[in-house]
Amino acid sequence: MQKTKFLLYGANGYTGRLITELAAQYNLQPVLAGRNRQSIEALAAEHHLTSRIFNLDDAEVLKEALEDVAVVLHAAGPFKYTAWPMLEACLQTGTHYVDITGEIEVFEIAKKYDSAAHEAGIMILPGAGFDVVPTDCLALYLHNQLPDATALQLAFASTNGGVSHGTALTMLEGLGEGGAVRQRGRIVKKPLGHKGMWVDFGIKRLFVMTIPWGDVSTAYHTTGIPNIETYTGITPKIYKALKFQGLYNWLLRTSFVRNKLKQQVNKRAPGPNAAQRSEGKSLVWGQVTNNKGENIEARLIGPNGYTITAHASLLIVQKVLSGDFTTGYQTPGSAYGADLVLEVPGMERATKRIAKKEQT
């Protein structure tokens, strides 16, 4: 029997609700799933969809829930805790696995399931949202323009908007843990914000600093470029304060501090409201450089990151359901090419310059 169902796990979260609201635009009718019966069933009733209630700690129940499901879109993080039971169940049931993580460690471990995914005839594609569709596609686009590139820098920022509870809680999990880059093909730990610079995003010039974004893992898989740095927008004042992080990172790693911060997160609104999302813009910049000193820059401008996540993840699910997938571990770029991001409504790409650095 051919499986055709699409299951959205974590549908009652901030991003899950956005995905649910947009699903009809892609002629998709997700089975809404999660562990909170009241909110899941209310959401399903509102959108005239079916629902399933289960958590991830019972392997048999989870496997039974996926038996007739063709593809899971997993939207319940932090994914370093939630990805593995769902992924294991997908391998056992022949269900394609898609999620919206941006966590380096999740990408790195997911790669290790490549052979098992090939054997099961499924695709494993983490990072199907703003983490990391725009940056991964831009990395591939730049690599296609300069195939002998040896270094890649990626930066992103946003105007207006804010972060959801889920994003904030995932960020809290990384407090005090430092940053990471890729050097000569290997992931190397660095202090958070060990580098900073000004970037012209096209509509605005902003200061950015290094962070351990998912592309430290995914862009290497997509392009093979051995040296990768990822940056995000930050105020110079905060950047300067981070220079003293070595003095207090130990404190940020304590459960007491993290629990206090989680309490503050839970008091806030669940995420940006509709007006903030409609006004917000996502800005992405990238540059590749080869050993001759030649470099190419490119930019993406598009809607709010949560809007991108909802559209990009649904686009990918739609492709999988139509039979357009590659088995094994994939990134957005390796599976669907550099132009996948341009299928997201409102996305624009521009290549600003091709230059050669002056010899000193």
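Given the structure is predicted, the values throughout are model-derived calculations rather than measurements.
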query: When you look at CZ of R349, are more than 12 heavy atoms from neighbouring residues, nucleotides or ligands closer to it than 6.0 Å?
result: yes
Rounded to the nearest 0.5 angstrom, the OG1-CD1 distance for T309 and I19 is 7.5 Å
_Counting only heavy atoms from other residues, nucleotides and ligands, does the tally under 6.0 Å from CD of E64 exceed 12?_
no
Between the CG atom in N227 and the CD atom in Q153, the distance rounded to the nearest 0.5 Å is 10.5 Å
Exercise for review: Check whether any side-chain N or O of S334 sits under 3.5 Å from a backbone N or O of Q330 as a donor-acceptor pair, and report yes or no.
Suggested key: no
Test side chain to side chain contact (heavy atoms under 4.5 Å, CB included) applied to V106 and W84, step by step: CA-CA 9 Å; V106 176; W84 316 123; 3.9 Å; yes
So do V31 and V69 actually touch side chain to side chain, heavy atoms under 4.5 Å? no
What is the ring orientation for H311 with Y26, classed by angle as parallel under 30°, tilted 30 to 60°, or perpendicular over 60°? perpendicular
Worksheet item: Is a salt bridge present between E108 and K111, judged by a nitrogen-to-oxygen distance below 4.0 Å?
Response: yes
Interatomic distance, OG1@T82 vs NE2@H74, rounded to 0.5 Å, equals 3.0 Å
The reported gap from CG in L300 to CZ in F156 (rounded to nearest 0.5 angstrom) is 13.0 Å
CD of Q145 to CD1 of I296, rounded to nearest 0.5 Å, is 5.5 Å
T230 side chain vs W213 backbone, donor-acceptor pair below 3.5 Å
yes
One should read off an interatomic distance between I316 CD1 and F325 CZ, to the nearest 0.5 angstrom, of 14.0 Å
Query raised in the report: With a 4.0 Å cut-off, would you call K190 and E229 a salt bridge?
Result: no
*Indicate, with yes or no, if Y113 and L62 share a hydrophobic cluster defined by side-chain heavy-atom contacts under 4.5 Å among Ile, Leu, Val, Met, Phe, Trp and Tyr.*
yes
Worksheet entry | Flag side-chain contact, heavy atom, 4.5 Å: V181 against H194 | yes
Would a distance-only check, ignoring hydrogens and angles, find a side-chain to backbone donor-acceptor pair under 3.5 Å from D99 to G127?
yes
